[in-house]
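Just below is one structure, and these are the notes that go with it.
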Amino acid sequence: MAQVKGTAFLSLRAFLDEVGGAPLRAKLTARLPRERAELLESALAVGWHPLDAYVAAIDALGDALAKPPEDAARAYGRFAAGFDLSTIHRLFLRFANPAYVLEKAGEYWGRYYDTGTWRVERVSPTRAQADLAGFGAVDPVFCEFLTEYVRRMFELVGARDVRVSHPRCRARQAEACHFVAEWR
């Protein structure tokens, strides 16, 4: 079973608290099976937890926020990038090309997910593409979260006019999820 580090659940709880507090957390947990709702509330940062519970929580965000699921996932992705990239990391990474940041994120992936591998290619000084292969969940809403996470990560390290697209997805029968990032 694919797993995710507990810090992902902490990020999601922080997002819920910022956007709507306890009432929003209650709305989301009400939309999850009991064991997944309990995990959302109890996950520890250092623990490993079922990936499917995290993906299910992201999928349920739209209903809890009364938004389309993709919009809710993108809002959370934007928040999560800021939550994960501390101010000190942002300062150091501002001196790097955003493609380098994506490469490093791919290397760090295994610290947070025990599934999936990234292959990142710098196409030009202002364009990179990346494939996520073998990830333990096939979920288009999670891909929206991830697309916005990457876009916001680039912004946080100083890139401007960032565009991230996801032209191929395993949810649409592609072999790997393919992302393309462009910036100034």
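Positions are given from 1 along the sequence.
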**Asked** Arg160: what forms a salt bridge (Lys or Arg N to Asp or Glu O under 4.0 Å) with it, not counting sequence neighbours?
**Response** none
**Message:** Test of understanding: with salt bridge (Lys or Arg N to Asp or Glu O under 4.0 Å), list the residues that count as partners of Arg122, not counting sequence neighbours.
**Reply:** Glu103
Smallest separation among heavy atoms of [X] and [Y], with atom names:
X      : Y      : result
Ala130 : Val120 : CB-CG2, 4.0 Å
Leu10  : Ala43  : CD1-O, 3.4 Å
Ala159 : Pro98  : CB-CG, 3.8 Å
Ala60  : Leu32  : CB-CD2, 4.0 Å
Ala137 : Val55  : CB-CG2, 3.9 Å
Ala64  : Lys27  : O-CD, 3.5 Å

**Fill in**
Taken to the nearest 0.5 Å, the spacing of Leu51 CG from Tyr54 OH works out to 9.0 Å
**Atom pair CG/CZ of Leu65 and Phe15 - distance to nearest 0.5 Å** = 5.5 Å
**side chain to side chain donor-acceptor pair (under 3.5 Å) partners of residues 4-16, not counting sequence neighbours, each pair once** = Ser11-Tyr76
**Item:** Pair listing, side chain to side chain donor-acceptor pair (under 3.5 Å) test, anchored in residues 107-118, at least two apart
**Value:** Lys104-Glu107
**Message:** Under the salt bridge (charged side-chain N to carboxylate O under 4.0 Å, His left out) definition, can you give me all pairs with a residue in residues 175-184, not counting sequence neighbours?
**Reply:** Arg127-Glu182, Asp161-Arg184, Arg163-Glu182
**Message:** Taking salt bridge (charged side-chain N to carboxylate O under 4.0 Å, His left out) as the cut-off, I'd like each qualifying pair that reaches into residues 40-59, sequence neighbours left out, listed once.
**Reply:** Arg25-Glu41, Arg36-Asp52
**Request:** For Arg31, enumerate each residue passing the side-chain hydrogen bond (donor to acceptor under 3.5 Å, both in side chains) test, keeping only those at least two apart in sequence or located in another chain.
**Result:** Asp63
Kindly indicate whether the side chain of [X], heavy atoms from C-beta on, has any atom under 4.5 Å from the side chain of [Y].
X      : Y      : value
Val123 : Val180 : no
Leu61  : Lys67  : no
Leu40  : Leu16  : yes

Output a table of donor-acceptor pairs, distance under 3.5 Å, between side-chain atoms of residues 139-146 and any protein atom two or more places apart or on a different chain; print 'none' if there are none.
unit_1	atom_1	unit_2	atom_2	d
Asp139	OD2	Val141	N	3.1
Asp139	OD2	Phe142	N	2.7
Glu144	OE1	Arg74	NH1	2.5

**Message:** List the residues meeting ring pair (Phe, Tyr, Trp, His ring centres under 6.0 Å) with Phe154, not counting sequence neighbours, and say none if there are none.
**Reply:** Trp183
**Request:** Applying ring pair (Phe, Tyr, Trp, His ring centres under 6.0 Å), name anything that partners His166, two or more places apart in sequence or on another chain.
**Result:** Phe179
**Request:** Sequence neighbours left out, what pairs pass ring pair (Phe, Tyr, Trp, His ring centres under 6.0 Å) with at least one residue falling in residues 33-52?
**Result:** Phe9-His49
**Item:** Under the side chain to side chain contact (heavy atoms under 4.5 Å, CB included) test, residues paired with Ala14 that sit two or more places apart
**Value:** Phe79, Phe83
